[in-house]
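The block underneath contains the structure these notes are about, expressed in structure tokens.
Below, chain A is the first sequence line, B the second, and so on; all start at residue 1.
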Protein chains: 2
Amino acid sequence: MPATPSPAVEDIVEALRARGARVTTPRRLLVECLVRAGGHRTAEELAAEVRSAAPDVHLSTIYRNLEELEHLGVVSHAHLGHGPAMYHLATATHAHLVCRGCGAELEAGPELFADLAREAMARFGFQVEPYHFAVVGSCERCRRALGSDPVP
Amino acid sequence: MPATPSPAVEDIVEALRARGARVTTPRRLLVECLVRAGGHRTAEELAAEVRSAAPDVHLSTIYRNLEELEHLGVVSHAHLGHGPAMYHLATATHAHLVCRGCGAELEAGPELFADLAREAMARFGFQVEPYHFAVVGSCERCRRALGSDPVP
DNA sequence: GTAAGTGCAAATGATTTGCAGATGT
DNA sequence: ACATCTGCAAATCATTTGCACTTAC
């Protein structure tokens with residue numbers, strides 16, 4: 001009973017079918033969750049959301065489908081810290097600044113990495129994808145709280 | 001029987017003692033390994049090296065000591081991919097570019113992140129430590145091999 | 001002597017895998 | 001029909017923790 005089948009959902013389902021993959025209930029529900037979520041979710045969170053519509057869907061099914069969708073290029077995942085990976089639509093890709101002190105996450109667009117990307121390409125022929133891992137550091141508040149780092 | 005007690009080892013051992021920590025055999029051996037290694041090592045690799053001198057040292061002891069040394073500021077660790085964490089002396093800190101295709105690692109100095117760091121500070125008051133996670137991307141060879149990415 | 005450190009075994013958390021049965025096409 | 005998917009249980013991998021025993025100081 002999902003109210004409004006988002007257009008994006010149909011596009012993705014279509015891509016799955018085109019690939020010869022089958023469109024099953026758990027798979028469709030997962031895609032709907034990802035589209036509805038917008039931002040990033042852990043596999044466990046996605047499983048919980050999917051289960052609210054189909055209680056028997058197993059975590060391993062979520063992982064298998066996320067992997068499938070990742071191969072398809074529809075989904076990607078990022079590691080924001082020591083916890084579980086975060087999954088999101090490839091279209092919602094963005095970099096993260098994560099504070100080591102309080103865990104706060106800041107989102108940043110690709111511009112932040114423009115210079116880094118250019119340098120890496122010029123010096124190493126290396127094409128940066130700055131989205132897979134977070135950039136760790138400390139936010140203003142935490143630096144003040146600790147007071148240990150004399151800001152350069 | 002370690003041949004030449006590196007000066008750095010003694011400095012670190014001294015710092016441990018100053019902190020009230022005890023200087024045990026596994027601890028001293030671990031510090032020696034880290035100094036000798038220069039580059040990064042997994043906990044498992046360090047355990048293997050330590051065991052060649054003291055066979056009963058347990059992995060958990062290695063982890064506990066790495067944590068201790070990290071609190072002391074002597075050691076830090078980085079995540080270069082989906083495998084285990086890499087540990088190294090804090091003085092040997094550097095950023096990594098890891099190729100998603102072939103796993104090749106390139107080391108880069110802090111200059112690569114100068115612009116990113118400045119921007120993050122200016123825009124978010126966020127102090128970047130670009131060493132905890134690798135920067136993922138693809139090296140020239142892999143991009144050519146796949147041929148899929150028309151380089152911009 | 002005594003608290004910090006150690007070895008071991010068992011727990012944890014995230015993710016993966018093998019397999020028998022269910023299901024989309 | 002038949003391969004693909006799924007649910008489940010068990011395995012794996014990196015890391016952590018509880019506990020009784022050692023050891024540095």
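The line from CZ of R100(B) to CD of Q127(A) is 11.5 Å long, rounded to the nearest 0.5 Å.
Between T24(A) and dG24(C) there is no side-chain N or O to OP1 or OP2 distance below 4.0 Å. Applying the 4.0 Å criterion to OP1 and OP2 of dT23(D), one finds that R22(B) has every side-chain N and O outside that range.
Atom CG in L16(A) sits about 10 Å away from atom P in dT6(D), given to the nearest Å. One can place CG of L30(B) at 14 Å from C1' of dT6(C), the figure rounded to the nearest angstrom. Residue D56(A) contributes atom CG, which lies 18 Å from atom P of dG21(C) at whole-angstrom precision. Taking atom CZ of R27(A) as the reference point, atom C1' of dT25(C) lies 13 Å away to the nearest angstrom. Between I62(A) atom CD1 and dG7(D) atom P the separation is 8 Å, expressed in whole Å. Whole-Å rounding puts the M86(B) CE to dT15(D) C1' distance at 15 Å. One interatomic measurement links the two molecules: CD of E68(A) to P of dG24(C), which rounds to 16 Å at whole-angstrom precision. Going from atom CG of L46(B) over to atom P of dT15(D) covers 11 Å, rounded to whole Å.
When the nearest nucleotides of DNA chain C are assigned to T61(B) and G20(B) by heavy-atom distance, the more 5′-ward of the two goes with G20(B).
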Q: Could you walk me through whether E32(A) and R27(A) pass the salt bridge (Lys or Arg N to Asp or Glu O under 4.0 Å) test, one step at a time?
A: CA-CA 9 Å; E32(A) 281 167 9; R27(A) 199 165 273 177; over 6 Å; no
Let me check something: any side-chain donor-acceptor pairs from residues 111-124 of chain A under 3.5 Å, sequence neighbours excluded? List them with distances.
{"residue": "E111(A)", "atom": "OE1", "partner": "R123(B)", "partner atom": "NH1", "Å": "3.3"}
{"residue": "E111(A)", "atom": "OE1", "partner": "R123(B)", "partner atom": "NH2", "Å": "3.2"}
{"residue": "D115(A)", "atom": "OD1", "partner": "R118(A)", "partner atom": "NH2", "Å": "3.0"}
{"residue": "R123(A)", "atom": "NH1", "partner": "E111(B)", "partner atom": "OE1", "Å": "3.3"}
{"residue": "R123(A)", "atom": "NH2", "partner": "E111(B)", "partner atom": "OE1", "Å": "3.2"}

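Contact annotation for R17(B): backbone-only contact, meaning every heavy-atom pair under 4.0 Å involves sugar-phosphate atoms and none involves a base.
Not counting sequence neighbours, the partners of H96(B) by the ring-ring contact (aromatic ring centres under 6.0 Å, His included) test are H40(B), H94(B). In terms of the ring-ring contact (aromatic ring centres under 6.0 Å, His included) criterion, residue partners of H77(A) (sequence neighbours excluded) are, by chain and number, H79(A), Y87(A), H132(A), H82(B). Scanning for side chain to side chain contact (heavy atoms under 4.5 Å, CB included) contacts around R17(A) gives V13(A), E14(A), V23(A), with sequence neighbours left out.
With a 4.5 Å cut-off on side-chain heavy atoms, C139(A) and C102(A) count as touching. The shortest distance between side-chain heavy atoms of L30(B) and T61(B) does not fall below 4.5 Å.
Comparing the end axes of the helix from dT12(C)-dA14(D) to dT25(C)-dA1(D), each fitted to five base pairs by superposing C1' atoms of four pairs onto the next four, gives an inter-axis angle of 20° (nearest 10 degrees).
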**Q.** Contact pattern, 5' to 3', of nucleotides 14-20 of chain C - B, S or - by protein heavy atom under 4.0 Å
**A.** SBBBB--
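The existence of a salt bridge linking E68(B) and R64(B) is excluded, since no basic side-chain nitrogen approaches an acidic carboxylate oxygen closer than 4.0 Å.
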